[in-house]
S.K.: 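Take a look at this one; I'll ask things after.
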Amino acid sequence: MLSICLFIFGFILAVVGLFFILLYLNLLVIGYTFFEFVYFIIRSIYCDLFFIGIILIYLSLGRKKKHELLL
């Protein structure tokens with residue numbers, strides 16, 4: 001149950017982060033260069049949300065190792 005909740009929460013964070021990253025693509029239209037755009041995205045909290053979401057999804061899909069003594 002925890003892994004399902006972790007997956008859903010990670011998915012929501014990743015979607016919100018990616019949404020704002022795509023929304024910020026409008027900065028390229030108003031004259032920002034690509035490197036200024038990347039620098040702006042890296043500094044924003046939404047980029048962090050995207051990567052945190054991806055990490056949570058990865059952790060929720062990981063298989064748990066069974067302990068040898070608890071067979």
Side-chain angles (χ1 to χ4, degrees):
M1 184 67 179
L2 178 66
S3 64
I4 294 172
C5 293
L6 197 64
F7 180 82
I8 292 172
F9 186 65
F11 184 76
I12 290 171
L13 287 180
V15 167
V16 168
L18 189 60
F19 172 75
F20 278 101
I21 289 172
L22 292 176
L23 191 67
Y24 284 141
L25 279 174
N26 288 327
L27 293 175
L28 293 174
V29 175
I30 61 171
Y32 278 61
T33 65
F34 181 73
F35 294 112
E36 290 173 337
F37 169 72
V38 171
Y39 181 68
F40 179 77
I41 292 298
I42 289 173
R43 290 185 316 145
S44 72
I45 188 71
Y46 300 112
C47 183
D48 296 338
L49 286 179
F50 175 70
F51 289 119
I52 290 171
I54 295 297
I55 290 169
L56 288 178
I57 290 172
Y58 177 75
L59 291 176
S60 70
L61 294 177
R63 299 186 184 244
K64 295 181 181 178
K65 294 180 181 179
K66 292 184 180 178
H67 198 278
E68 296 173 357
L69 299 176
L70 297 176
L71 296 175

S.K.: Would you mind writing out the side-chain donor-acceptor pairs for residues 44-62 within the sub-3.5 Å range, not counting sequence neighbours?
M.R.:
residue, atom, partner, partner atom, Å
S44, OG, I41, O, 2.9
S60, OG, L56, O, 3.4
S60, OG, I57, O, 2.8

S.K.: Identify, with sequence neighbours excluded, every residue that meets ring pair (Phe, Tyr, Trp, His ring centres under 6.0 Å) alongside Y39.
M.R.: none
S.K.: To the nearest 0.5 Å, tell me how far I8 CD1 sits from I4 CD1.
M.R.: 7.0 Å
S.K.: With a 3.5 Å cut-off and sequence neighbours excluded, list the donor-acceptor pairs that the side chains of residues 26-36 form with protein atoms.
M.R.:
residue, atom, partner, partner atom, Å
N26, ND2, L23, O, 3.4
T33, OG1, E36, N, 3.3
E36, OE1, T33, N, 3.0

S.K.: If you count heavy atoms of other groups shown closer than 6.0 angstrom to CZ of F9, is the number above 12?
M.R.: no
S.K.: Just to verify, what does F7 make a ring pair (Phe, Tyr, Trp, His ring centres under 6.0 Å) with, not counting sequence neighbours?
M.R.: none
S.K.: Take atom OH of Y24 as the centre, draw a 6.0 Å sphere, and report whether it contains more than 12 heavy atoms from other residues, nucleotides or ligands.
M.R.: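 Atom OH in Y24 is crowded, with more than 12 foreign heavy atoms closer than 6.0 Å.
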